[in-house]
Amino acid sequence: MSAHVIKIRNLSKFYGKNMGIENVSLDIERGEIFGFIGPNGAGKSTTIRILMNLVFPSGGTATIMDMDVVKDTRKIKQKVGYIPSDAGMYPSMSVIDFLSYCSRFYGLNNNDNRIIELADMFDLDLQRNIAELSLGNRKKVSIIQGLLHSPELLILDEPTTGLDPLMQSLFFDLLRNENRRGMTIFFSSHILGEVQMLCKRVAIIKNGNIIQVEEIDSLRKKQLKKVFIEFENRESVEDFVINGSGNLVNGLGNTLSFIYSGDINELISSLSGIKIKNLMIEEPLLDEIFLHYYKK
Amino acid sequence: MVVNRNLFNMEIRRNAFSLMIWMIVITLLISVTMSVYRTFADNQSKILGMVSLIPKGALQFKGISNFSDLLSVLGFYAANNVIYMMVLGSIFSIVLSSNILLKEEYNKTAEYLLTRPITRSEVFFSKVILLDLNIFLLNLVTSTAGFLCMELVKRNPFSISAFMVLCFYTFILNVLFGAIGLFLSTLVKRGKPITTQVIGLVLIFYFVFTISKITEGAADLGYLSPFRFADVNATSPYYRLNPWTLLYFLGLSSLLTGISYRIYRRKDIYT
C-alpha cells in the first residue's frame with residue numbers, strides 16, 4: 001500500500017469556459033494532518049468535491065488509498081469521512097434518527113454507542129429535531145456524522161463555521177486524538193490561524209492553482225505581521241522606508257499600512273526617531289499574505 | 001445490488017405523508033362524483049336535453065362518443081377519471097419525479113447522501129423504484145375506490161376487463177409523466193425546484209389534447225400530447241389494450257429513464 005493516502009495528479013476542473021482548478025497535484029501522507037488553505041473561490045471546495053465524487057474532473061487523476069475517485073468511489077467512501085462546510089439536513093428527522101440513518105450506510109446497524117460517545121463529547125441532545133437546531137448544533141451533527149464510522153481518512157471543508165471557540169478547541173482536540181490513532185486528516189480552511197494550530201503541512205491554493213506546499217513550521221518562521229502606523233505629519237509617511245515591508249499602502253491622512261516580514265525589534269527601532277500618533281501590529285489576513293508573497 | 005435498502009426505506013418514510021394526502025383527495029373526488037351518478041342516471045330525459053347543447057367535441061375529449069355512454073356507470077366513471085386520475089395523477093407523478101433527485105441538491109442533503117458508500121446507480125434506482133411504487137400505490141388505491149364506488153351506485157353490470165384496461169392506461173400515463181419529470185430534473189444544472197414548471201407542462205399537454213379534440217382540423221396536434229394515447233372510451237365494444245399504445249408509453253418511459261440515468265451518473269452536484 002502506498003504511503004500516500006491521497007494522490008492528486010494534474011487535476012483540472014472547468015465550468016464551461018471558467019476554470020475551477022488547473023493542474024493541481026498533491027500528495028497527502030498516511031497519518032498526517034494536512035492543511036489546504038486559500039481565499040474563498042480559490043478552488044479548495046472544487047478539489048474536495050472531486051475527491052468525494054460530487055463533481056467530475058475535466059482532466060487529471062486523483063486516488064484515495066490507491067483507488068480512483070471516480071471508478072472506486074463506493075469503496076473509497078467506506079473508508080472516508082467527510083465534513084462539509086455547509087450542508088442541509090433532513091429537518092423532519094431527530095438527530096439520533098439522522099445519525100442512525102448515516103450509520104446504516106456503513107453497515108453499522110447498532111452504532112448507538114459511538115453516536116452517544118460523540119454526542120456527549122459535543123454536548124448535543126440526540127432527541128431534538130434537526131429543524132430546531134442552531135447553526136452551531138447543526139455543525140456538531142455534521143462533525144459527528146463524519147466520524148461515526150471511524151474513517152481512515154477525514155476530509156473537512158471549512159468545518160469550524162458556526163462553532164464557538166470552546167467547541168472549536170474541543171473539536172481540534174478530538175481531531176488530534178483521532179490523528180494519534182492513525183486517522184489521516186485533510187483540512188481545508190481560509191483561516192490561516194486554525195490551519196497553523198492543527199496541521200503539519202499545508203498547501204496554498206489561489207485562483208485554482210497550487211502556489212506552495214510547505215511545512216507549517218517554515219510558514220511560521222516567516223513571522224508575518226500587519227503593521228498600521230499613523231504619523232504626526234505627511235513628510236514622515238513619504239520618507240518612511242524599512243527592509244522587510246511589502247506593498248506599502250498609503251491610507252487616509254498620515255497613515256501607512258504594510259505586511260512586515262522582518263525583525264519586529266528593527267521595526268520599533270526605525271520608528272524611534274519619528275513622531276507617531278498610533279501604531280498597531282496584528283496578524284495579517286490570509287489574503288494579505290497572498291498579496292505579500294505572491295503578487296509582488 | 002441496485003437498490004439501497006437504507007435509502008429506499010428512508011424515501012418511503014419521506015414521501016408517505018404526501019402520498020397519503022393525494023390518495024385521500026383523489027379518492028374523495030371520485031367518491032363525491034360517483035355519488036351523483038344515480039341522480040344523473042335517474043334524470044336521463046332532463047339531462048339529455050342539457051347535454052345536447054354541449055358541442056360533440058367537448059364530450060369526445062372526455063372519451064364519450066355519444067351521450068348514452070354517460071348513462072352507464074363505467075362511461076360516467078371514465079369521463080370523470082380523465083380529470084381526476086389522468087390529470088391529477090400525472091401532476092402527482094411529475095411533481096414527485098422532478099423532486100426526487102433534485103430535492104437532495106436544493107435542500108443541500110446531497111452532500112451527505114452522495115458521500116456515503118453508495119453509487120450514483122444505487123441512488124438513482126432506489127429513487128426511481130420508489131417513484132414507480134408511489135405511482136402504483138396511488139393508482140391502486142384510487143382505482144379500488146373507483147371500483148367500489150361503481151359497485152355501490154351501478155344500475156347495470158359493467159365490464160371489469162374494460163375497467164382494468166382503463167386503470168392500466170391511467171397508470172402508464174402517470175408513469176410516463178413520472179419519467180418526463182425525472183428527465184427534466186436531471187437537466188437542471190444548479191439545484192433549484194422546478195415544481196411550477198412541470199405542473200405547467202402537464203396542463204399544457206392536457207390543453208393541447210383538449211384543443212385537438214374539440215377543434216376540427218387540429219386533431220393531429222393531439223399527437224404531441226401523451227393524453228391523446230390514453231384511450232378512455234371504455235364503453236366502446238372494441239375497447240382493449242392497444243399494443244402500440246403500450247409500446248409508446250413503456251418505450252418512451254424507459255427511454256427517458258435511461259437517458260436520465262446516463263445524465264445523473266455523470267452529473268456534477270452543487271449544493
Side-chain angles (χ1 to χ4, degrees), chain A residues 13-16 20 45-46 48-58 69-93 97-109 130 138 141-142 144-146 148-149 151 153-155 157, chain B residues 1-21 99-127 130 186-193 261-271:
Chain A
K13 177 67 186 175
F14 291 90
Y15 302 104
S45 292
T46 299
I48 287 176
R49 297 176 82 78
I50 292 174
L51 292 176
M52 297 312 298
N53 196 228
L54 289 166
V55 300
F56 290 84
S58 308
V69 294
V70 177
K71 290 178 196 151
D72 305 312
T73 182
R74 194 185 205 284
K75 282 184 200 160
I76 287 172
K77 287 168 188 168
Q78 191 73 38
K79 298 177 175 187
V80 176
Y82 171 58
I83 300 175
S85 58
D86 173 34
M89 287 170 195
Y90 306 102
S92 58
M93 292 177 96
D97 284 346
F98 173 69
L99 294 173
S100 300
Y101 169 62
C102 292
S103 292
R104 285 193 294 271
F105 280 107
Y106 303 93
L108 303 168
N109 293 326
I130 284 172
R138 282 208 303 274
V141 178
S142 179
I144 294 172
Q145 64 75 35
L148 45 78
H149 57 297
L153 167 67
L154 183 65
I155 296 177
D157 188 6
Chain B
M1 190 171 164
V2 176
V3 173
N4 182 287
R5 197 179 294 176
N6 190 28
L7 175 61
F8 186 77
N9 292 342
M10 165 79 164
E11 286 296 327
I12 286 180
R13 283 197 296 274
R14 282 175 88 184
N15 292 293
F17 184 71
S18 155
L19 174 66
M20 201 90 80
I21 296 292
N99 278 298
I100 204 157
L101 290 167
L102 207 54
K103 72 183 170 191
E104 302 283 0
E105 291 176 57
Y106 64 74
N107 286 336
K108 298 184 170 190
T109 47
E111 294 260 2
Y112 291 120
L113 177 62
L114 297 176
T115 55
R116 305 288 152 207
I118 182 169
T119 60
R120 292 277 177 103
S121 304
E122 286 173 288
V123 172
F124 184 86
F125 286 111
S126 301
K127 291 194 176 235
L130 186 277
T186 56
L187 299 179
V188 178
K189 293 271 183 205
R190 299 260 170 185
K192 55 180 184 292
Y261 171 61
R262 285 191 73 86
I263 296 172
Y264 186 69
R265 237 169 39 130
R266 298 290 298 185
K267 188 182 181 187
D268 287 340
I269 305 292
Y270 306 101
T271 55

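Chain letters run A, B, ... following the sequence lines, proteins first and then strands; every chain starts at 1.
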Would you mind checking chain B against chain A for donor-acceptor pairs under 3.5 Å and listing them?
unit_1	atom_1	unit_2	atom_2	d
B:Asn6	OD1	A:Arg104	NE	2.9
B:Asn6	ND2	A:Tyr101	O	2.9
B:Glu104	OE1	A:Tyr90	OH	3.1
B:Lys108	O	A:Gly88	N	2.9
B:Lys108	NZ	A:Asp86	OD2	2.8
B:Glu111	OE1	A:Tyr82	OH	2.8
B:Glu111	OE2	A:Arg49	NH1	2.5
B:Tyr112	OH	A:Ser142	OG	3.1
B:Leu114	O	A:Lys77	NZ	2.6
B:Arg116	NH1	A:Tyr106	OH	2.8
B:Arg116	NH1	A:Gln145	OE1	3.4
B:Arg116	NH2	A:Gln145	OE1	2.3
B:Arg120	NH2	A:Asn53	O	3.0
B:Arg120	NH2	A:Leu54	O	3.2
B:Glu122	OE1	A:Arg74	NE	3.0
B:Glu122	OE1	A:Arg74	NH2	3.4
B:Glu122	OE2	A:Arg74	NH2	2.9
B:Asp268	OD1	A:Phe56	N	2.7
B:Asp268	OD2	A:Lys13	NZ	2.5
B:Ile269	N	A:Leu54	O	2.7
B:Ile269	O	A:Arg49	NH2	2.7

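Atom CD1 of B:Ile263 is separated from atom CG of B:Leu101 by 11.0 Å, given to the nearest 0.5 angstrom. Separation of atoms CG (B:Leu7) and CG (B:Leu113) is listed at 5.5 Å; rounding is to 0.5 Å. We find the CG-CG distance between A:Leu108 and A:Leu99 to be 12.0 Å, quoted to the nearest 0.5 Å. One finds the CD1 atom of A:Ile155 at 5.0 Å from the CG atom of A:Leu51 (value rounded to the nearest 0.5 Å).
Highest contact tally toward chain B, considering only A:Gly146, A:Gly107, A:Gly81, A:Gly88, is held by A:Gly88 [criterion: heavy-atom pairs under 4.5 Å].
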